[in-house]
Amino acid sequence: MFANIDLTVVWALIIAFAVFAYIVMDGFDLGIGILFPAFRPGHERDTAMNSIAPVWDGNETWLVLGGGGLFAVFPLAYAVIMPALYAPIIAMLLGLIFRGVAFEFRWRDPRHRALWDVAFTGGSVVAALAQGITLGALLQGIKVEGRAYAGGWWDWLTPFSLLVGLGIVCGYALLGATWLVMRTEGSLQQRSRTFSLWLGAATVAVIAAVSAATPFLEGQYWERWFSMPSVLLTAQVPLLVAVASFLFFRSLRGGAERTPFLLALGLFLLSFVGLGISIFPDVVPGRVTIWEAAAPHSSQVFLLVGASVLIPVILAYTAYSYWVFRGKVDAAGYH
């Protein structure tokens with residue numbers, strides 16, 4: 001059945017989809033955590049948290065799928081990437097644990113709610129920053145000798161990885177702010193609209209800075225972006241970013257509620273496409289291709305059978321959850 005299909009490419013697309021789904025779905029609730037100190041204690045914070053209470057834990061399913069898929073289908077890539085990025089990945093996991101615990105405890109332990117709010121914000125910031133640093137460190141290149149990581153413990157920490165980390169924090173905060181514009185009313189919505197304007201400008205600026213720096217990291221990046229005739233296609237990505245940015249600010253100033261969130265997601269999608277242009281078909285940029293890192297064909301077939309059942313179920317459940325808990329929220333909300 002799968003004999004004439006390049007399952008390695010199929011699995012690369014599945015994992016890319018899982019990673020982007022995680023960015024879309026967990027990005028805005030991490031963003032709300034990042035913005036949490038800017039909201040007034042009481043009604044505003046409770047309303048912001050209630051807007052994600054029914055769905056926040058399910059959003060992280062896609063992170064498990066992406067990480068598990070990398071381990072199962074591209075074991076060589078997993079074996080190279082993990083030792084290179086242990087520190088930021090562990091920081092990300094600890095941040096997600098802290099924010100998850102704080103999310104529930106702030107409702108059940110009101111005497112220490114201020115402490116749990118700090119933990120919720122801190123976990124969100126650490127998780128978002130660590131994800132950006134991980135991406136930046138992967139994009140700038142990992143030292144490989146033979147089939148193993150050959151770099152040092154601190155190779156992941158560079159100005160470029162910190163820039164990408166800052167970009168992810170700004171971008172997630174933008175998603176969180178625009179999500180609240182869509183889901184809330186009153187003072188919280190107006191405050192979120194103001195935040196969206198500033199965060200939109202910051203996110204676009206960081207996208208421009210990262211895009212300008214990336215072609216100089218690897219020779220193949222420059223060739224894929226600027227060689228003829230591929231430049232005729234790749235040039236459309238920054239053009240679309242400019243168009244999406246213009247429409248984003250116009251929709252915000254025009255009082256739209258849903259459009260700013262959708263356009264913010266569009267900026268993430270275009271950035272994700274740009275990332276794919278830079279690195280595909282490598283899984284470790286400039287070092288290991290998806291075919292070199294892939295598990296045997298029989299293993300990919302076995303895993304694809306399970307994924308073909310599991311992924312539609314997750315998508316259906318996720319869509320149903322968002323449908324059931326659609327509409328505006330208030331401080332009473334889910335809890």
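One distance of note links CG of D6 with CD1 of I290; it measures 6.5 Å at 0.5 Å rounding. Note: L163 CG to I133 CD1 = 11.0 Å, rounded to the nearest 0.5 Å. To the nearest 0.5 angstrom, T184 atom OG1 is 6.0 Å from K328 atom NZ. From L247, atom CG reaches atom CG of L240 across 10.5 Å, with rounding to the nearest 0.5 Å. Atom CH2 in W222 sits 12.5 Å away from atom OG in S278 (nearest 0.5 Å). Note that the CG atom of L270 and the CD atom of Q236 stand 11.5 Å from one another [nearest 0.5 Å].
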- Trace of the side-chain contact (heavy atoms from CB on, under 4.5 Å) decision for F268 with L175: CA-CA 9 Å; F268 269 85; L175 291 179; 3.7 Å; yes

- For T47 and S51, what are the C-alpha separation, side-chain angles and deciding distance, and is it a side-chain contact (heavy atoms from CB on, under 4.5 Å)? CA-CA 6 Å; T47 301; S51 73; 5.9 Å; no

- Residue pair F74, V288: steps toward the side-chain contact (heavy atoms from CB on, under 4.5 Å) verdict: CA-CA 10 Å; F74 301 106; V288 181; over 6 Å; no

- Report the C-alpha separation of F28 and M182 in whole Å, then their side-chain angles, then the decisive distance to 0.1 Å, and conclude whether the side-chain contact (heavy atoms from CB on, under 4.5 Å) test is met. CA-CA 12 Å; F28 64 80; M182 181 173 64; over 6 Å; no

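For the pair E104 (side chain) and G100 (backbone), a donor-acceptor distance under 3.5 Å is absent. Checking side-chain atoms of T121 against main-chain N and O of V118 turns up no donor-acceptor pair under 3.5 Å. Without hydrogens or angle criteria, R224 side chain to I279 main chain gives a donor-acceptor distance under 3.5 Å. S161 places no side-chain N or O within 3.5 Å of a backbone atom of G136 that could act as its donor or acceptor partner. Of the possible polar contacts, one joining the R287 side chain to the I142 backbone as a donor-acceptor pair under 3.5 Å is found.
You'll find the side chain of E257 reaches within 4.5 Å of the side chain of R193, heavy atoms only. When side chains are defined from C-beta on, V204 does not count as touching F248, because their heavy atoms never get closer than 4.5 Å. When side chains are defined from C-beta on, L7 does not count as touching V73, because their heavy atoms never get closer than 4.5 Å. Residues S192 and F39 are in side-chain contact: their nearest non-hydrogen atoms beyond the backbone lie under 4.5 Å apart. At least one side-chain heavy atom of L30 sits under 4.5 Å from a side-chain heavy atom of R99. Side-chain contact between L162 and L166 is absent, with no heavy-atom pair separated by less than 4.5 Å. Side-chain atoms of F160 and F216, non-hydrogen and from C-beta on, never get closer than 4.5 Å to each other. The shortest side-chain heavy-atom distance between L65 and Y22 does not fall under the 4.5 Å cut-off.
Looking at T134 and W156, their side chains never bring a donor and an acceptor atom within 3.5 Å of each other.
In terms of hydrophobic clustering, with Ile, Leu, Val, Met, Phe, Trp and Tyr side chains grouped at heavy-atom distances under 4.5 Å, L138 and W154 are assigned to a common cluster. Hydrophobic clustering, with ILVMFWY side chains joined whenever heavy atoms are under 4.5 angstrom apart, groups F103 together with W62. Cluster annotation: I14 and L70 are assigned to the same hydrophobic cluster (Ile/Leu/Val/Met/Phe/Trp/Tyr, side-chain heavy-atom contacts under 4.5 Å, transitive). When the side chains of ILVMFWY residues are joined at heavy-atom separations under 4.5 Å, either directly or via intervening members, V126 and V164 end up in two distinct hydrophobic clusters. When hydrophobic clusters are built by joining Ile, Leu, Val, Met, Phe, Trp and Tyr residues whose side-chain heavy atoms come closer than 4.5 Å, directly or via intermediates, L267 is not grouped with W198.
In this structure, W116 shares a hydrophobic cluster with I97, V101, F105, the cluster being traced through Ile, Leu, Val, Met, Phe, Trp and Tyr side chains under 4.5 angstrom apart.
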Side-chain atoms of residues 81-93: list all donor-acceptor pairs with protein atoms under 3.5 Å, sequence neighbours left out, distances to 0.1 Å.
none

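When the ring pair (Phe, Tyr, Trp, His ring centres under 6.0 Å) test is applied to F272, the partners found at least two apart in sequence or on another chain are F20. Judged as a salt bridge (Lys or Arg N to Asp or Glu O under 4.0 Å), and not counting sequence neighbours, D26 has no contacts. For R106, the salt bridge (Lys or Arg N to Asp or Glu O under 4.0 Å) partners two or more places apart in sequence, or in a different chain, are D46, D117. For R40, the salt bridge (Lys or Arg N to Asp or Glu O under 4.0 Å) partners at least two apart in sequence or on another chain are E44.
Heavy-atom minimum distance, C170 versus L199: O-CD2, 4.2 Å. Across every non-hydrogen atom of L252 and S196, the tightest pair is CD1-CB, 3.5 Å. The shortest non-hydrogen separation linking V283 to T289 is CG1-O, 3.9 Å. When every heavy atom of A295 is checked against every heavy atom of A72, the shortest pair comes out as CB-O, 3.6 Å. Pairing each heavy atom of V206 with each of G167, the nearest pair is CG1-CA, 3.3 Å. Heavy-atom minimum distance, A177 versus F195: CB-CB, 4.2 Å.
The neighbour count for Y317 OH, taken as heavy atoms of other residues, nucleotides or ligands under 6.0 Å away, does not exceed 12. Residue F71 places its CZ atom among 12 or fewer non-hydrogen atoms of other residues, nucleotides or ligands, all under 6.0 Å distant. Other residues, nucleotides and ligands place more than 12 heavy atoms under 6.0 Å from the OH atom of Y221.
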